[in-house]
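The structure appears right after this line, and notes come after that.
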Amino acid sequence: MVLQRIFRAVIMGPPGSGKGTVSARITKTFGLSHISSGDILRSNINNKTELGLLMKCCIDQGQLVPDDVMSRLILRDLRAMDHSSWLLDGFPRTVPQAEALDDAHSVDTVINLNVPFQTIKQRLTSRWTHLPTGRVYNVDFNPPKVPGLDDETGEPLVQRDDDTPHTVTLRLKAYENQTEPVLEYYRSNGVLETFTGTETNMIWPHVEAFLHKKLFSVKQKVA
Ligand SMILES: Nc1nc2c(ncn2[C@@H]2O[C@H](COP(=O)(O)OP(=O)(O)O)[C@@H](O)[C@H]2O)c(=O)[nH]1
Ligand SMILES: Nc1ncnc2c1ncn2[C@@H]1O[C@H](COP(=O)(O)OP(=O)(O)O)[C@@H](O)[C@H]1O
């Protein structure tokens, strides 16, 4: 689908709620560019950049990276995409980050995946990731065609260092304390749309229908 105007969206939800999985479907269906804060951080860690080396221990301990570091990193990438439609995944995660984003760009819609914590815990310990692209697999839900290898490149998949049961518990706490207030921030701005469920395949048709409607009404307003 070719969009008629620039459209900017954020996808939110606790760790493991399916943000990466749903983002891949959104980008494929609607042609938005996908920017994942976690993928950017992991690529820095993998390439052993100064930032990656500094932030690795924060991430492995289930803590958030400091706001100023994160906002600078993401806003710099967004500046290079001035004329693109995008979908931000994993940013903002705190109210100061949401304010920094608002100062630079207006957000058309925020998709919130509301998935129970119990469902998430089981998923994360069986998540396998292709680090260079951020493609995710799951032993039960979407296993790779060949165990341990990425479907498209044949390269090895890894289990993230922060997907251990202990670190997942810490990440969920950080989500409750620091990220849930962002939902309130966007709710009061009138852009929050929440999708509740335990299965991505049940949630996705609703997200897809919502975005179709949203993009259609945006186009009509412009016309
Ligand atoms: N069992 C199951 N696993 C899922 C479902 N949706 C996504 N997953 C898997 O759950 C894990 C977390 O999903 P991901 O998209 O990475 O979530 P994120 O952390 O919010 O970006 C991955 O291993 C996915 O393959 C689902 O509906 N059921
Ligand atoms: N916007 C952000 N602010 C602070 N830390 C972040 C941000 N995005 C990602 N991180 C760090 O990277 C880790 C992994 O993030 P992400 O890949 O989005 O994973 P998930 O959604 O599965 O928790 C987070 O636990 C956190 O340490």
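Numbering of residues begins at 1 and proceeds along the displayed sequence. Keep in mind that this is a model prediction, so the values were computed, not measured. Start at 1 and go down the list; that is how both ligands and their atoms are numbered.
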Residue part near ligand 1, for Asp140, under 4.0 Å between non-hydrogen atoms: neither

Sub-4.0 Å heavy-atom approach of Met55 to ligand 2: no

Any donor-acceptor pair under 3.5 Å from Thr27 side chain to Ala24 backbone: yes

N/O donor-acceptor pair under 3.5 Å between Thr49 side chain and Ile45 backbone: no

Nearest-neighbour protein heavy atom for atom 24 (C) of ligand 1, which is reported as residue plus atom name and distance: Thr21 OG1, 3.9 Å

Phe141 N/O to ligand 1 N/O under 3.5 Å: no

Per-atom contacts of ligand 2 with Arg127, taking only distances under 4.0 Å to non-hydrogen atoms: 22 (O)

Protein contact of atom 10 (O) of ligand 1 - nearest heavy atom, named by residue and atom, plus distance: Arg123 CD, 3.3 Å

Atoms in ligand 2 with a heavy atom of Lys19 nearer than 4.0 Å: 21 (O)

Close approach of Ser17 to ligand 1, heavy atoms, under 4.0 angstrom: yes

Minimum-distance protein heavy atom relative to atom 27 (O) of ligand 1: Thr200 N, 2.7 Å

Tyr185 and Asp102 side chains, donor-acceptor separation under 3.5 Å: yes

Side chain, backbone, both or neither: the part of Asn142 lying under 4.0 Å from ligand 1 by heavy atom: side chain

Any N or O of Gln63 closer than 3.5 Å to N or O of ligand 2: yes

Side chain, backbone, both or neither: the part of Arg160 lying under 4.0 Å from ligand 2 by heavy atom: side chain

Numbered atoms of ligand 2 (with element) below 4.0 Å of Arg42, judged on heavy atoms: 14 (C), 17 (O)

Close N or O approach (Trp128, ligand 1; < 3.5 Å): no

Ligand 1 contact by Pro14, heavy-atom criterion under 4.0 angstrom: yes

Ligand 2 atoms in contact with Ser37 (distance to a heavy atom under 4.0 Å): 7 (C), 8 (N), 9 (C)

Gly90 neighbourhood, listing ligand 2 atoms whose heavy-atom distance to it stays under 4.0 Å: 1 (N), 2 (C), 7 (C), 8 (N)

Polar proximity ligand 1 side, Gly16 side, N/O cut 3.5 Å exclusive: yes

Under 4.0 Å to a heavy atom of Gly18 - the qualifying atoms of ligand 1, by number: 13 (O), 14 (P), 15 (O), 17 (O), 18 (P), 20 (O)

Nitrogen or oxygen of Leu41 less than 3.5 angstrom from that of ligand 2: no

Any N/O pair Phe91/ligand 2 closer than 3.5 Å: no

Nitrogen or oxygen atoms of Asp39 and ligand 2 under 3.5 Å apart: no

Non-hydrogen atoms of Val10 and Pro92 that approach each other most closely: CG1-CD, 3.9 Å

Selected option - heavy-atom contact closest to atom 22 (C) of ligand 1, from Gln122, Arg127, Met202: Arg127

Atoms in ligand 2 flagged as close to Gln97, the criterion being non-hydrogen separation under 4.0 Å: 1 (N), 2 (C), 3 (N), 4 (C)

Neighbour count >12 (heavy atoms, 6.0 Å) for atom CE, Met202: no

Salt bridge (Lys or Arg N to Asp or Glu O under 4.0 Å) partner of Arg135, chosen from Asp39, Asp151, Asp150: Asp150

